[in-house]
Amino acid sequence: SVACPDQEDIVLFESYASPAIASGGRRPYTYSLYQSSLPAGLSLNPQTGLVSGIVSGVSVPTTYSYAVQVEDGNGFTSTSQACNGTIAQA
């Protein structure tokens, strides 16, 4: 299974980093976005599941939603529920 990163507010123009957490199955895990995209400025590390970056170029306040999929070492996949949050002004 895979759980969303902590869903605290993301602050425009400030550094953000929070990992998606995989459990079960066999390592290594490979993380990817599932039928969605991250806010501009954020990226997902496929080896660690870390969502990080600095959000810019969006109107605030705004909400975001994405899903993370993880594949384990046996080729089995699991997808998170929707990961939702808010991007706010500092």
Side-chain angles (χ1 to χ4, degrees):
S1 68
V2 61
C4 292
D6 291 336
Q7 298 304 297
E8 67 245 8
D9 285 347
I10 295 174
V11 178
L12 191 66
F13 303 118
E14 291 187 10
S15 182
Y16 173 83
S18 188
I21 306 295
S23 62
R26 187 173 140 249
R27 293 180 184 266
Y29 300 124
T30 302
Y31 297 84
S32 60
L33 294 173
Y34 180 76
Q35 297 181 350
S36 57
S37 59
L38 292 168
L42 296 183
S43 61
L44 172 68
N45 182 306
Q47 286 80 36
T48 66
L50 185 68
V51 174
S52 63
I54 298 174
V55 174
S56 62
V58 298
S59 298
V60 292
T62 190
T63 59
Y64 63 89
S65 181
Y66 63 92
V68 176
Q69 181 171 284
V70 65
E71 181 176 340
D72 74 3
N74 291 323
F76 294 105
T77 59
S78 180
T79 304
S80 70
Q81 295 182 346
C83 305
N84 304 301
T86 300
I87 300 170
Q89 190 77 31

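Note that these values count all heavy atoms, side chains included, but never hydrogens, waters or copies made by symmetry.
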Sequence neighbours left out, what passes side-chain contact (heavy atoms from CB on, under 4.5 Å) with [X]? Give chain and number order.
X: Ser23; answer: Ser1
X: Thr77; answer: Gln69, Glu71
X: Ile54; answer: Ser15

Can you see which heavy atom on [X] is nearest to which on [Y], and at what distance?
X: Gln81; Y: Cys4; result: O-SG, 3.5 Å
X: Tyr64; Y: Ile87; result: CD2-CG1, 3.8 Å
X: Leu50; Y: Pro19; result: CD1-N, 3.7 Å
X: Gly49; Y: Tyr31; result: N-CD1, 3.3 Å

Open item on the list: Looking at Asp72 and Asn74, would you say the former's side chain and the latter's main chain have a donor-acceptor pair under 3.5 Å?
Closed with: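 Side chain of Asp72 to backbone of Asn74: a pair is present.
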
Open item on the list: Checking the side chain of Ser65 only, and the main-chain atoms of Ala82 only, is there a donor and an acceptor separated by less than 3.5 Å?
Closed with: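 No.
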
Open item on the list: With a sphere of 6.0 Å drawn around CZ of Phe13, does it hold more than 12 non-hydrogen atoms of other residues, nucleotides or ligands?
Closed with: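 Result for CZ/Phe13: enclosed.
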
Task: Non-hydrogen side-chain atoms of Pro5 and Tyr16 separated by less than 4.5 Å - done: yes

Open item on the list: Side chains of Val60 and Val55, heavy atoms from C-beta outward: is any pair under 4.5 Å?
Closed with: no

Open item on the list: Do Ile10 and Val58 sit in one hydrophobic cluster, given that two such residues count as connected whenever their side-chain heavy atoms are within less than 4.5 Å of each other, even indirectly?
Closed with: yes

Open item on the list: If I take atom CG from residue Leu44 and atom CG from residue Leu38, how far apart are they, to the nearest 0.5 angstrom?
Closed with: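 Rounded to the nearest 0.5 Å, the CG-CG separation comes out at 6.5 Å.
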
TODO: Hey, could you give me the SG/OH distance between Cys83 and Tyr66, rounded to the nearest 0.5 Å?
DONE: 4.5 Å

Open item on the list: My understanding is that only one of Val2, Val70, Ile21 makes a side-chain contact (heavy atoms from CB on, under 4.5 Å) with Ser80; could you say which?
Closed with: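 Only one option passes, and that is Val2.
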
